[in-house]
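We use all heavy atoms of the structure for the numbers below, so side chains are in, but hydrogens, waters and symmetry mates are not.
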Amino acid sequence: MIIALATFRLAAYIRSHRVYQALLLALAMLAILHGSRAPRGQEASVLTDGAVLIILILAWAARSLLDTEPDRQREMSAVAAGGRGRELAAGLVAAFATCAVFAGIGLAAALLLGVSGAPEPGLLSAALAVHALAALTGTALGALTSRAILPSPALSIMSLVLGFLLMLLLSASPLYWLTVPVVRWMRAANDGDLVSRLPELAAVSLAWCLLALAFYIWRRLKG
């Protein structure tokens, strides 16, 4: 039932044409970012920078998907699915799937247009992990700024942008462990340490994403 409802949410998101807003933004950003190929040896930086910069678009896409369904329809979906918990899970699955597709497009663009040579297998695996974390981060930020949490569209959009900017500022400081350390991802890539530092950075990133999603679920169930 969760998968069926998630598929329904995805179909509604596509039919609403909201998906094209995020798609056009993503394509424009990727065209600018990969307007010229980086020289050999810069593969890690190119792959990681793209994953960080696309997070804002991923969050926008996740928020748009979660806001596509009217509130009354969401209540009906919860009844049909057998509870609000299943409806919640379906929405998050659909949001993450959307973010994963956009993150995959970003990774493909970086590999095809942004680098001069094929990255080593270890670096490619790290890039896949970083883009998966970007998709999860976008899902969490989009969920926290969705209509179910922030009813005001203006406040929701401002919170989404400010949340991303705060993430950048905090992760650039010594207090990077207080958020998803996206700037530390980029610094590790620039220093050639992405593969070796990935377990530490991924653990911090995953912990904050799961905490954010847990807060979203708690607020939804409480409401």
| said: Which residue in the set S159, S146, S156 passes side chain to side chain donor-acceptor pair (under 3.5 Å) when paired with R63? | reply: S156
| task | Give a yes or no on whether V46 and I32 share a hydrophobic cluster (residues Ile, Leu, Val, Met, Phe, Trp, Tyr; joining criterion: side-chain heavy atoms under 4.5 Å apart). | result | no
| said: Surrounding CD of E200 (heavy atoms of other residues, nucleotides or ligands, distance under 6.0 Å), is the total greater than 12? | reply: yes
| Between L123 and E43, what is the shortest heavy-atom contact and its length? | CD2-CB, 3.9 Å
| field | Closest contact, heavy atoms only, S116 versus R40 | value | O-NH2, 3.7 Å
| query | Under a 4.5 Å side-chain heavy-atom rule over Ile, Leu, Val, Met, Phe, Trp and Tyr, are I54 and I105 clustered together? | reply | yes
| query | Looking at side-chain heavy atoms only, is the closest gap between L162 and L166 below 4.5 Å? | reply | no
| Within the distance-only criterion (no hydrogens, no angle test), does the side chain of R184 pair as donor or acceptor with the backbone N or O of S171 below 3.5 angstrom? | yes
| Quick one: does L56's side chain get under 4.5 Å of L160's, heavy atoms only? | yes
| remark: Here the gap from L213 atom CG to L136 atom CG, rounded to the nearest 0.5 Å, amounts to 6.0 Å
| task | Nearest 0.5 Å please: distance from the CG atom of L58 over to the CZ atom of F96. | result | 10.0 Å
| message | As a quick check of understanding, evaluate side-chain contact (heavy atoms from CB on, under 4.5 Å) for V195 and E120, giving each step before the final call. | response | CA-CA 11 Å; V195 176; E120 298 179 356; over 6 Å; no
| task | Determine yes or no for a side-chain-to-main-chain donor-acceptor pair under 3.5 angstrom, with R9 supplying the side chain and A94 the backbone. | result | no
| message | For A172, is there any backbone N or O sitting under 3.5 Å from a side-chain donor or acceptor partner on R187? | response | yes
| Close side-chain approach of C209 to L133, heavy-atom, < 4.5 Å | no
| query | Has W185 got more than 12 heavy atoms of other residues, nucleotides or ligands less than 6.0 Å from its CH2? | reply | yes
| message | Show the nearest heavy-atom pair for residues L5 and E87, with the distance to one decimal. | response | CD2-CA, 3.8 Å
| message | Show the nearest heavy-atom pair for residues L33 and G50, with the distance to one decimal. | response | CD2-CA, 3.6 Å
| message | Contact between L124 and L111 at the side-chain level, heavy atoms closer than 4.5 Å - yes or no? | response | yes
| task | Among L198, L47, V182, find the residue that satisfies the side chain to side chain contact (heavy atoms under 4.5 Å, CB included) test when tested with V130. | result | L198
| For D67 and R18, what are the C-alpha separation, side-chain angles and deciding distance, and is it a side-chain contact (heavy atoms from CB on, under 4.5 Å)? | CA-CA 10 Å; D67 287 351; R18 290 187 174 192; 3.6 Å; yes
| task | Indicate, with yes or no, if V101 and L53 share a hydrophobic cluster defined by side-chain heavy-atom contacts under 4.5 Å among Ile, Leu, Val, Met, Phe, Trp and Tyr. | result | yes
| note | The reported gap from CD1 in I55 to OG1 in T139 (rounded to nearest 0.5 angstrom) is 10.5 Å
| task | Indicate, with yes or no, if L25 and L65 share a hydrophobic cluster defined by side-chain heavy-atom contacts under 4.5 Å among Ile, Leu, Val, Met, Phe, Trp and Tyr. | result | yes
| task | Grab the two heavy atoms, one from A189 and one from A44, that are nearest each other, plus how far apart they are. | result | CB-O, 3.5 Å
| note | Of all heavy-atom pairs linking I57 and A22, the shortest is CG2-O, 3.6 Å
| Out of curiosity, M186 CE to L168 CG, how far, rounded to the nearest 0.5 Å? | 6.5 Å
| said: To the closest 0.5 Å, what do you measure between CG (L92) and CG (L66)? | reply: 6.5 Å
| query | Can you get from V93 to F215 by hopping between Ile, Leu, Val, Met, Phe, Trp and Tyr side chains that sit under 4.5 Å apart? | reply | no
| said: Let me confirm one number: the CZ-OG1 distance from F164 to T145, rounded to the nearest 0.5 Å. | reply: 13.0 Å
